[in-house]
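Taking it in order: structure first as structure tokens, then the write-up.
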Number of protein chains: 2
Amino acid sequence: MMKMKDNMAGQTLCPVARAETVVGDRWTVLVLRELFARNHRFEEIQAQTGGTPQMITARLKKLEADGLLTRRIYNKRPLRHEYHLTEKGEAFFPVLMALRAWGEAWCKSPREGRAMNYTHLTCGKPAGLGPVCESCGKPVRREDMVGERTAKYQKERDARWDAFKASR
Amino acid sequence: MMKMKDNMAGQTLCPVARAETVVGDRWTVLVLRELFARNHRFEEIQAQTGGTPQMITARLKKLEADGLLTRRIYNKRPLRHEYHLTEKGEAFFPVLMALRAWGEAWCKSPREGRAMNYTHLTCGKPAGLGPVCESCGKPVRREDMVGERTAKYQKERDARWDAFKASR
DNA sequence: CTTGTTGCTATGATTTTCATAGTAATATGG
DNA sequence: CCATATTACTATGAAAATCATAGCAACAAG
């Protein structure tokens, strides 16, 4: 699957082009979003991304092949896996944050409000949207932050889960 | 073209999902890369991305519709346009830089070397890959940096241009 | 008046995606 | 036991996107 000129990746030195052969796809990014949100199971990922099972299966396989995630058995008989980010996958965090910042700033009307708010544990204050904490100015790392969903966004996710469950 | 569940964008508060309906596509990102590299003409964009004319036409149209770029006439009769980033398009820069950093770090072997090196004009030293200058620690803005292609990458681009020109 | 340049559009084969349905392996409740 | 539920997928066929290749329109240059 997914030829997407994979050979081209080895033909260019451009890191953006290289990265895009791995993550240059809507579903892939949404799957990564869910993994960062600590949703590790197939069902949750499918429900929250809205993808068909094949889409999710294909992305998970490709992400595994590309080294961004590993399968972890959480139940044998029946065999069940959880999907966890590797170091390479975790390293994608800044991209997702930059995308988030751009999306909040340019793809929403202000009155819609935020989806999440992050607190910078190092200083205890809001981290804002940028690559450095808006409160203390230090670069933010994933492990120094806690994110909290806004009530509205949490409700939206709950509704998606319910709708997904109801449809089976 | 490109249905990609555009309506879903209005249905979710998630900024990542919103952003992905706009830029969640390999070609789109490569087109943006070229615009940031100050290549404003159709031909250059096509040559350096390797896309078919339809791909490029479609992405340029969608990017215009989404407000990331504007057409600017540089020649009437025959009518010719240049494509320039809007403020919204320019604002995408941090995402591209984050993607670049990830690509350099995780999608290449170290011996392949960098594609570009940026100098932070504010301090006059190398800016590195991160969101803050590796030399002076300040957050980097696009207008405070100059990028220079490495010899190898420049050669690669020249070769692509030549190959493109030779094929018509 | 022929050749070149630039920016596309047209065409048809191939590939991907989507919606819908179904399966496999097991747990759970009665 | 036996029916229903749970979880993680696979199968199928229609619809849409993508690809390679070719061609065209509007002029400029020689």
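This structure is a prediction, so every number in the text was calculated from the model and none was measured. We use all heavy atoms of the structure for the numbers below, so side chains are in, but hydrogens, waters and symmetry mates are not.
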Q | Contact pattern, 5' to 3', of nucleotides 3-8 of chain C - B, S or - by protein heavy atom under 4.0 Å | A | ---BBB
Q) Separation of A:Arg59 atom CZ from D:dT10 atom P, in whole Å? A) 14 Å
Q. Between A:Glu82 (CD) and D:dT7 (P), how many Å, whole number?
A. 12 Å
Q | Distance, rounded to the nearest Å, where A:Phe164 contributes CZ and C:dA19 contributes C1' | A | 14 Å
Q: Specify the separation, in whole Å, of atom CE of B:Met55 and atom P of C:dT16.
A: 13 Å
(Q) Could you tell me if the side chain of B:Cys136 sits less than 4.5 Å from the side chain of B:Lys125, heavy atoms only? (A) no
Q. Can you tell me if B:Asp25 uses its side chain to pair, donor with acceptor, with the backbone of B:Trp27 under 3.5 Å?
A. yes
Q: Would you tell me whether B:Thr12 and A:Glu156 have side-chain atoms, one donor and one acceptor, within less than 3.5 Å of each other?
A: yes
Q. What do the steps show when you test B:Glu34 against B:Tyr83 for side-chain contact (heavy atoms from CB on, under 4.5 Å), and what is the final call?
A. CA-CA 10 Å; B:Glu34 289 310 305; B:Tyr83 301 92; over 6 Å; no
Q) Quick one: is the NZ or CZ of A:Arg80 closer than 6.0 Å to the six-membered ring centre of A:Phe42, and within 45° of its axis? A) no
Q. The helix from C:dC1-D:dG30 to C:dG30-D:dC1: angle between its terminal axes, five pairs each, to 10°?
A. 0°
Q: Let me know the distance between CG of A:Asn75 and P of C:dT26, rounded to the nearest Å.
A: 10 Å
**Q.** Nearest-Å distance for atom pair CD1/C1', residues B:Ile56 and D:dC19
**A.** 13 Å
**Q.** Length of the CG-P vector between A:Leu30 and C:dT17, whole Å
**A.** 13 Å
**Q.** Listed partners of A:Arg142 passing side chain to side chain contact (heavy atoms under 4.5 Å, CB included), at least two apart
**A.** A:Phe36, A:Arg38, A:Glu90, A:Phe93
Q.
Would you say that B:Pro53 contacts B:Gln46 through its side chain, given a criterion of any heavy-atom pair below 4.5 Å between the two side chains?
A. yes
Q) Do B:Ile56 and B:Arg59 come within less than 4.5 Å of each other through their side chains, counting heavy atoms only? A) no
Q. From the list C:dC18, C:dT9, D:dT18, which nucleotide is the closest neighbour of the side chain of A:Thr52?
A. C:dC18
Q: Find the distance A:Gln54:CD to D:dC9:P and express it as a whole number of Å.
A: 12 Å
Q. Between the main-chain N or O of A:His81 and the side-chain N or O of A:Arg71, is there a donor-acceptor pair closer than 3.5 Å?
A. no
